[in-house]
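Let me begin by presenting the structure, written as structure tokens, before commenting on it.
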Amino acid sequence: MKTYQQFINGSLVNSHSSDWIEVENPYTGEIISRVPKGNDADAYESLEAAQKAQTAWAAKSAPERAGYLRQMAALIRANRIELARILAAEQAKILPLAQVEIDFTADYFEYYAGWARIYEGEIIQSDRFNENIFLFRKPIGVVVGICPWNFPFFVMARKVAPALLTGCTIVLKPSSLTPNTTFEFAKLVATLDLPKGVLNFVSGSGKTMGNTLVTSPITDMVTLTGSVEAGQEIIRASADNVTKVSLELGGKAPAIVFEDADLDIAVKGVVDSRVIFSGQVCNCAERAYVHKNIYDKFMDKFVKAMKDVKYGDPFADPAPAMSSQIDRAQQEKIDAMVIRAKAAGAEVLTGGKKADTATGYFYEPTVLVNCRQDMEIVQKEVFGPVIPILPFTEYEEAIALANDCEYGLTSSVFTKNINTTLQAIKDLKFGETYVNREHFEGMQGFHAGWRKSGVGGADGKHGLMEYLQSQVAYIQF
Ligand code: NAD
């Protein structure tokens, strides 16, 4: 069993607490590592280190800061196989997908390094003849990053890369379920000559240590990726200091399959979306609306494809399509939601129960019909390989059903008609819309949810802007 240390002020250090968080491999049930259950003293120390380092870090040129991001990318690439194996083990992510996440993360550091000479301020027209108005963009300061368990390595980079590139310093806390890859990265970062305090990794409970990080007056911005509940708690906790928050929260993405859709593309798009990482992806299709004229044909293909989904050991070669849920609690939560759906009238066409496997917390790929729009299974995030499918008759009906949701992260449409595509993009009230493909965003886009799915967003130019604040100078001559 591995024991990890926190990374504070440029060093791998022991925690002030003597408590530990044990990390379970969800597939084998084995305890594979332990990380410190950090306390307030760790939180303060890391924030003070980040605060002390920030002015000098911001004084370096952006290309110089970018150089460190490139070194981080190179370290990830040099250790890509080992990191993927650690990721696959800590969360039962099938190895090929874990490898994609590791490689994508290296690309992400390089992508943001490329922004060093690109982001800029503005010169604004003044009402006065002899005046220039300059809008400067300056780093926000000390950032607290809080990560979920589903893409722990990538989401870490999604916060660290833009923060460091813009001259912010950061204290990042991974999820207690999946801290291993973050602390492996910390060990790699410790070999660089990165100035002390610029990047800090701590571990601990969200509600205690996480709350201390959020409420500290040192913290200038909190970026959370996690559940709506955690987002709401962070909004409340950041109120006293009016700290900026950037929140990427849950989703309940609709997929709409129109009458003229290529059914094979639609079936593949929705199935891939639902079973990738065992259905534990915030932006993936969580409900589908299918036109009544193609409903039977679609369902034949769709149910067959869901029945054919292989699940098993994340390290198996060839890899199955999915593996275990993250833990027993998640498996139980999914099961309870399906049981309540059945009690409310839903019919199970395949799956509908925990899988009978020797190890792991598997849930069978599940298709539900006879669901009503107001049912919990249609309205609330399941975060498992379960999908309710509802028929629709009119375009307006499909759009209204899709939009009838407290979340607003992503959506998708399947159609060959460009007019239907453009009209749907206009009418859908979601931060992202995918057309004729699975739900998965690009690093140059902007991943930002509407309604309860979040505030602000990540990736691309607009994600970089989250870490910058403006200063406007009126210069009369
Ligand atoms: P979670 O909200 O339980 O935990 C996320 C992180 O927040 C953890 O590190 C946790 O310790 C911390 N935390 C919890 N309460 C806190 C508090 N009061 N103060 C400070 N920190 C706190 O989420 P999870 O179960 O790890 O992740 C799954 C959720 O994340 C799903 O709802 C999923 O949709 C969402 N998610 C969203 C995106 C996105 O980009 N929108 C991406 C991935 C996951």
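Residue numbers run from 1 in the order of the sequence given. Numbering of ligands and ligand atoms starts at 1, following listing order.
At a threshold of 4.0 Å, the pair K252-E406 does not count as salt-bridged, since none of the basic side-chain nitrogens sits closer than that to a carboxylate oxygen. Look at K452 and E381 and you find no salt bridge, because none of the NZ, NE, NH1 or NH2 atoms lies under 4.0 Å from a carboxylate O. Salt bridge status for E233 with R236: absent, with no side-chain N to carboxylate O gap under 4.0 Å. At a threshold of 4.0 Å, the pair E441-R158 counts as salt-bridged, since one of the basic side-chain nitrogens sits closer than that to a carboxylate oxygen.
Residue S175 has at least one heavy-atom neighbour below 4.0 Å for each of these atoms of ligand 1: 9 (O).
Within the structure, the salt bridge (Lys or Arg N to Asp or Glu O under 4.0 Å) test picks out no pair touching residues 23-40 (sequence neighbours left out).
For atom 11 (O) of ligand 1, the closest non-hydrogen atom on the protein side is K173 NZ, 2.9 Å. For atom 8 (C) of ligand 1, the closest heavy atom belonging to the protein is C147 O, 3.2 Å. For atom 2 (O) of ligand 1, the nearest protein heavy atom (residue, atom name, distance) is S227 OG, 2.5 Å.
Residue contacts with ligand 1, taken as heavy atom pairs separated by less than 4.0 Å, involve H447 solely via side-chain atoms from C-beta onward. Within the 4.0 Å heavy-atom criterion, the part of E381 lying near ligand 1 is the side chain and not the backbone.
In this structure, F151 has no heavy atom closer than 4.0 Å to ligand 1.
Remark: ligand 1 and S205 share no N or O pair separated by less than 3.5 Å (distance only, no angle test). Polar contact with ligand 1: absent for T225 (N/O pair, distance under 3.5 Å).
The cationic atom of R451 (NZ for Lys, CZ for Arg) lies less than 6.0 Å from the six-membered ring centre of F430 and within 45° of the ring axis.
Distance check for atom 4 (O) of ligand 1: every protein heavy atom is found at 4.0 Å or beyond.
The neighbour count for D374 CG, taken as heavy atoms of other residues, nucleotides or ligands under 6.0 Å away, is above 12.
Distances from atom 41 (N) of ligand 1 to the heavy atoms of I146, L249, N150 put L249 nearest. Comparing G226, P174, P148 by heavy-atom distance to atom 35 (C) of ligand 1, the nearest is G226. For atom 36 (N) of ligand 1, the nearest non-hydrogen atom from the set C282, G231, G206 comes from C282. Nearest-heavy-atom check against atom 15 (N) of ligand 1 across E441, E233, K252 picks out E233.
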